[in-house]
Amino acid sequence: MSRTPAPAPATDTTDSTAGAADSAALGHSLKPRHLSMIALGGVIGAGLFVGSGEGIAAAGPSIVIAYAVSGLLVMLVMRMLGEMSAANPASGSFSVHAERALGPWAGFTAGWSFWVLLSVAVGLEGIGAAEIVSGWLPGTPEWAWVALFMLVFCGTNLAAVKNFGEFEFWFAALKVGAIALFLVLGGLAILGLLPGTEAPGTANLTGEGGFLPNGSQGLVVGLLASVFAYGGLETVTIAAAESEHPVQGVAKAVRTAMWRIALFYIGSMAVIVTLVPWDDPDVANPDKGPYVTALNHLDIPGAGTVMQVVVLVALLSAMNANIYGASRMAYSLVARGQGPKVLGRVTGGVPRIAVLVSSVFGFVCVVLKYWRPDDVFPWLLKMIGAVILVVWLFIAVSQLVLRRRTEREAPEKLVVRMWLYPVLTWVAIAAMLGIFVLMLREPGTREQLLYTGGMTLAMAVCGVLVQKSRKRTQSAD
């Protein structure tokens, strides 16, 4: 196998080729079907299957509005990211775009913040998956299952990138199939066409306090919960740099994924609150969740076990995708001179040291969960709480800058175009700032925002220092 050192950092980050070097040594064996399923399955995780229950418990039937509003915001963000990624495919995705638009400090801040988010999430997902399996096999230690899952997916990511693509393709296919089946069964039950069920009508939508049982305050809590449930779409633009046809691949994946994801999220929320009373205690119970509760309501045998399997697959899929995304983001940052050079070494088209480091961080999170569950681990969770919103803000601001530049210098690269530019870009930015304000008002999310803000500020300071150091080095040369 050949070994390729990390590419030298580009001296002109505003050039259109700034993101090309960071993916030159990587493999390019992901196929269009891989990208499509990564885009579809990336956001269908345990946050939807189980975590959505908290949003329903807070907002009641109006959770449908919350998911629709946040879904529109996510569509705008993905459209902007798709425009930039199709014009300039790079394994660093939005980090590369932020660097080209705003400077190296922005790429550093967005990239390393996202790396921390994904690396911590790997540990969280491993813990969640281990809890499920330990429940099936009482007496088996959770740490052993976490270790097994980490070894499997670390090994998968150390091999050729097509192995990651195949795992994600089948994981995503199972998740998408489960949601599609749920929507079909739920739709039949709502219409009274499912044997043994009666059409519920609007009883659950208007009863028990009405459509907005907890008022606007409940809707705000539901909105915040739904925003973070959509995180994960960014992985497809990272993976696009390693596909056979990056430009066409990311363009198609973004176009087809957005409306399907909206259907899955908003449609499934509508089915749940129509079939089940929003205040059913099982809806917000993490051991069951809204999907299992809805299927149990339909008296479908084995529904709970089936959904547990789907949730387990969702967690394992997220582990696999997050190790991949974290390793490629680290590789991209190093390739641009913004990290330890050792992380940029590529063997067989894979940045294997970056994969190992990203996986080790997952193990560290697991150790902290058991060693310091009352202070260090909660602090770590709060620190990454609002990172995805910070990333989205970088995406929107970068798109404002780069769209003008691309129209002026290379308009033929605009294969995907943001709708009603720049109006909808500004609408998206205003919406994100509004969500930050709502988070500050809510006691449950205020601390998350402050911790995330502290980490982002620290990253930005480090980024500025790195940027100044690079300028001094270039001046000396």
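Note that the structure is predicted; figures quoted are calculated from it, not measured.
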Check your understanding: Step by step, would you call Arg403 with Leu414 a side-chain contact (heavy atoms from CB on, under 4.5 Å)?
Key -> CA-CA 8 Å; Arg403 172 63 176 268; Leu414 291 172; 3.8 Å; yes
Review point. Just how far is it from atom CE of Met84 to atom OG of Ser398, taken to the nearest 0.5 Å?
Key: 5.5 Å
**Study point:** Heavy-atom closest pair, residues Leu219 and Ala59
**Key:** CA-CB, 4.1 Å
Review point. Does Val464 reach the side chain of Phe108, with side-chain heavy atoms less than 4.5 Å apart?
Key: no
Check your understanding: Atom CG in Leu76, atom CH2 in Trp392: separation rounded to 0.5 Å?
Key -> 10.5 Å
Exercise for review: Please round to the nearest 0.5 Å and tell me the distance separating atom CZ of Phe94 and atom CD1 of Ile238.
Suggested key: 5.5 Å
Check your understanding: Nearest heavy-atom pair of Gln467 and Trp105: which atoms, and what distance?
Key -> OE1-N, 2.9 Å
Review point. Short question: side chain of Tyr265, backbone of Ala68 - any donor-acceptor pair under 3.5 Å?
Key: no
Review point. Run the side-chain contact (heavy atoms from CB on, under 4.5 Å) check on Leu356 and Leu158 step by step: do they pass?
Key: CA-CA 8 Å; Leu356 289 171; Leu158 286 173; 4.0 Å; yes
Exercise for review: Measure the shortest side-chain to side-chain distance between Trp145 and Ile132 over non-hydrogen atoms and say whether it is less than 4.5 angstrom.
Suggested key: no
Point to revise | Check: Gln338 side chain, Pro104 main-chain N or O, donor-acceptor pair, under 3.5 Å | key: yes
Point to revise | Contact summary for Ala354 and Ser327, nearest pair of heavy atoms | key: CB-O, 3.6 Å
Point to revise | Residues, nucleotides or ligands: over 12 heavy atoms within 6.0 Å of Glu54 CD | key: no
Point to revise | Any donor-acceptor N/O pair, Arg345 side chain to Pro351 backbone, under 3.5 Å | key: no
Revision key, fill the gap. Nearest heavy-atom contact between Ile56 and Pro290 is CD1-CB, 3.8 Å
Practice item. Classify the ring geometry between Phe167 and Phe153 as parallel (under 30°), tilted (30 to 60°) or perpendicular (over 60°). Key: perpendicular
Acceptor/donor pairs from residues 422-441 side chains to any protein atom, 3.5 angstrom cut, sequence neighbours excluded:
unit_1, atom_1, unit_2, atom_2, d
Thr425, OG1, Gln399, OE1, 2.7

Exercise for review: Check the pair Ser332, Arg328 against side chain to side chain donor-acceptor pair (under 3.5 Å), reporting the backbone distance first and the verdict last.
Suggested key: CA-CA 6 Å; Ser332 173; Arg328 269 41 176 198; over 6 Å; no
**Study point:** Verdict with reasoning, Val391 to Ile395, per side-chain contact (heavy atoms from CB on, under 4.5 Å)
**Key:** CA-CA 6 Å; Val391 167; Ile395 289 171; 4.0 Å; yes
Exercise for review: State the CG-CD distance between Leu402 and Glu83, to the nearest 0.5 angstrom.
Suggested key: 8.5 Å
Exercise for review: Please list all pairs passing the side-chain hydrogen bond (donor to acceptor under 3.5 Å, both in side chains) test where one or both residues lie in residues 108-128, with sequence neighbours left out.
Suggested key: Trp115-Ser358, Glu125-Asn322
Check your understanding: Side chains of Met269 and Ile266: closer than 4.5 Å at any heavy-atom pair?
Key -> no
Exercise for review: For residues 444-460, pull every pair meeting salt bridge (charged side-chain N to carboxylate O under 4.0 Å, His left out), keeping only residues two or more places apart or in separate chains.
Suggested key: Lys382-Glu447
Check your understanding: Shortest non-hydrogen contact from Gly126 to Phe149?
Key -> O-CD1, 4.3 Å
Point to revise | Min side-chain heavy-atom separation Ser268-Tyr67 under 4.5 Å | key: no
Review point. Are any side-chain N or O atoms of Ser469 and backbone N or O atoms of Leu465, one a donor and one an acceptor, separated by less than 3.5 Å?
Key: no
Practice item. Would you check if Phe114 and Ile388 make a side-chain contact, meaning some heavy-atom pair closer than 4.5 Å? Key: yes
Check your understanding: Thr452 and Ala386: which non-hydrogen atoms are nearest, and at how many Å?
Key -> OG1-N, 3.0 Å
Review point. Within the side chain of Asn320, is there an N or O that forms a donor-acceptor pair under 3.5 Å with the backbone of Leu316?
Key: no
Review point. In Å, rounded to the nearest 0.5 Å, how long is the span from OH of Tyr451 to CD1 of Ile384?
Key: 13.5 Å
**Study point:** Trace of the side-chain contact (heavy atoms from CB on, under 4.5 Å) decision for Val116 with Val387
**Key:** CA-CA 9 Å; Val116 172; Val387 167; over 6 Å; no
Review point. Is Ser359 reaching over with its side chain to a backbone N or O of Val355, donor-acceptor style, under 3.5 angstrom?
Key: yes
Review point. Is the closest side-chain heavy-atom distance between Met150 and Val122 below 4.5 Å?
Key: yes
Check your understanding: Hey, is the main chain of Gly107 close enough, under 3.5 Å, to the side chain of Ser95 for a donor-acceptor pair?
Key -> yes
**Study point:** Pairwise side-chain contact, Lys471 with Lys468, heavy-atom cut-off 4.5 Å (strictly under)
**Key:** no
Review point. Roughly how far, to the nearest 0.5 Å, is the OG atom of Ser85 from the NE2 atom of His97?
Key: 3.5 Å
